[in-house]
Amino acid sequence: MGFSSQKKCPKIRKESKHNYWVLDVDIQGYFDHINPHKLMKLVEQRISDRKVLKLIRKWLQAGIMEEGKQRNSILGAPQGGGISPLLSNIYLNVMDTLWEKKFSHIGTLIRYADDFVVLCKTKQQALEGGQVIQAIMKKLDLSIHQEKSRLVNIWDGSDGFDFLGFHYRKFPVRKKGGRTFFIMNHIPSRKAMKKMRKKIKDYTQPRSKLLMDIKDMVKGLNRKLQGFKNYYQLSPLSKRWLNRIDWYVLQRLNLFNNKKRNRRHKHAYIQDTVRETQFILVKLAS
């Protein structure tokens, strides 16, 4: 069901103890294909105030700006607004309700906004769940992205799946006596790591930033790093991946510091950068 993203990890770990097949589903162009008429009917089931309903209709009909030009569409909901996630959640609540009433015996549906997975005991149940999801999507005028959706066997940790920026997989844990168990855990996904590196590079790369003092540069970086740390430091296993981001931050700061001082070897003197920033730089893996 749709629920707080902070509750997703325990829910998935709990269900993975007896469910070994995961239906990882991606909705194709979700926000672009929401049927506004069906959405309004769902909203009207919850809101009776005519002024509020009128305002929502106008918002849905406002269109979007592309390259400075307004584009109107009979389908879709504008992204970026504060109300957009709420309305999209209401739209997919139909799937939650149908699954809970008629198909919960197939497996457990875990959803947050338009990102969801279904955990099943057997492959046959997972395949059946895929057919059910396709039928529900058709009812909502949506479609599944076939290339990005897949069936994952999580039994022995040989494969995993991404969900809300995390990569979930069963990692081996050695117990006393030499026995090895596979326990579900989560680490930052490759996409999340790549996106974070890009944020750091985009912030430190512009030549105009060379006018800044390194301490001011660190303060700006810390705001980005703290949010990443708060979200991804939920698992002790994440420390290894967060260390990689820490090292990348130091490399970028060292490059900045050497350029600022017109040093010939741009990647040298990293110890100087470590000394200058060690007490003010947020450490993700600490």
Side-chain angles (χ1 to χ4, degrees), residues 1-5 8 22-47 52-104 106-120 126-152 161-166 168 189-192 194-195:
M1 313 312 141
F3 54 92
S4 168
S5 61
K8 63 194 175 298
V22 177
L23 185 63
D24 183 10
V25 183
D26 184 88
I27 303 175
Q28 189 161 10
Y30 176 59
F31 284 93
D32 293 333
H33 293 91
I34 291 176
N35 187 315
H37 303 294
K38 290 185 177 181
L39 174 58
M40 284 308 303
K41 287 182 180 179
L42 293 170
V43 172
E44 287 167 5
Q45 293 176 10
R46 296 166 177 260
I47 299 173
V52 174
L53 292 172
K54 185 178 180 180
L55 185 63
I56 294 173
R57 284 194 190 94
K58 284 187 175 181
W59 181 81
L60 288 171
Q61 295 168 1
I64 58 174
M65 294 294 291
E66 288 184 345
E67 299 179 355
K69 297 180 180 180
Q70 183 172 336
R71 178 175 69 83
N72 297 316
S73 175
I74 58 173
L75 289 176
Q79 298 183 50
I83 198 174
S84 180
L86 175 61
L87 291 179
S88 64
N89 205 45
I90 291 172
Y91 197 66
L92 280 181
N93 192 58
V94 173
M95 178 177 68
D96 296 347
T97 305
L98 283 172
W99 190 272
E100 187 66 26
K101 287 182 178 180
K102 298 183 178 181
F103 308 107
S104 58
I106 295 175
T108 302
L109 172 67
I110 300 176
R111 181 179 70 83
Y112 184 79
D114 63 321
D115 200 358
F116 69 94
V117 292
V118 181
L119 286 85
C120 306
L127 291 171
E128 184 183 350
Q131 293 177 345
V132 170
I133 293 295
Q134 278 191 319
I136 295 174
M137 291 295 109
K138 188 175 182 180
K139 190 179 182 70
L140 292 171
D141 295 332
L142 299 171
S143 58
I144 293 174
H145 198 303
Q146 298 295 337
E147 293 181 2
K148 293 184 179 180
S149 301
R150 62 196 190 103
L151 194 59
V152 183
F161 61 96
D162 292 348
F163 185 57
L164 299 182
F166 284 100
Y168 288 86
S189 68
R190 288 184 180 179
K191 186 177 178 180
K194 184 178 180 180
K195 186 177 179 180

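Note: hydrogens, waters and symmetry copies are ignored here, and every other heavy atom, side chains too, is used.
Counting heavy atoms from C-beta outward, Ser88 and Asp114 have side chains that stay 4.5 Å or more apart. The shortest distance between side-chain heavy atoms of Leu92 and Leu142 falls below 4.5 Å.
Phe161 and Tyr168 have parallel rings, their planes meeting at less than 30° on a 0 to 90° scale where 60° marks the start of perpendicular.
Between the side chain of Tyr30 and the backbone N or O of Ala113 there is no donor-acceptor pair closer than 3.5 Å. Checking side-chain atoms of Trp99 against main-chain N and O of Gly107 turns up a donor-acceptor pair under 3.5 Å. A donor-acceptor distance shorter than 3.5 angstrom exists from the side chain of Tyr91 to the backbone of Leu140, with no hydrogens or angles considered.
For Arg150, the side chain to side chain donor-acceptor pair (under 3.5 Å) criterion is met by Asp159, not counting sequence neighbours. Contacts of Ile47 classified as side chain to side chain contact (heavy atoms under 4.5 Å, CB included), with partners at least two apart in sequence or in another chain: Val43, Asp49, Val52, Leu53, Ile56. Scored by the side chain to side chain contact (heavy atoms under 4.5 Å, CB included) test, Lys148 finds Asp26, His145 as partners (sequence neighbours excluded). Looking at residues two or more places apart in sequence or on another chain, you find a side chain to side chain contact (heavy atoms under 4.5 Å, CB included) between Gln146 and Gln134, Ile144. With sequence neighbours left out, Thr108 forms a side chain to side chain contact (heavy atoms under 4.5 Å, CB included) with Lys11, Glu15, Asn19, Ile110.
Across all non-hydrogen atoms, the minimal contact from Phe163 to Asp115 is CE1-O, 3.3 Å. Closest approach of Ala192 to Gly165, counting heavy atoms only: CB-O, 3.6 Å.
With Met137 as reference, Met95 is the one residue of Met95, Gln28, His33 to meet the side-chain contact (heavy atoms from CB on, under 4.5 Å) rule. Applying the side-chain contact (heavy atoms from CB on, under 4.5 Å) test between Glu128 and each of Ile106, Ile133, Leu23 identifies Ile106 as the sole match.
Between Lys191 and Asp162 there is no salt bridge, since no side-chain N of the basic residue sits under 4.0 Å from a carboxylate O of the acidic one.
Atom CD of residue Glu100 and atom CG of residue Leu98 lie 11.0 Å apart, to the nearest 0.5 angstrom. The distance from the CD1 atom of Ile27 to the CG atom of Asp32 is 12.5 Å, given to the nearest 0.5 Å. From Leu42, atom CG reaches atom CG of Leu87 across 10.5 Å, with rounding to the nearest 0.5 Å.
Identified under the side-chain hydrogen bond (donor to acceptor under 3.5 Å, both in side chains) test for residues 38-47, with sequence neighbours left out: Lys38-Asp141, Glu44-Arg57.
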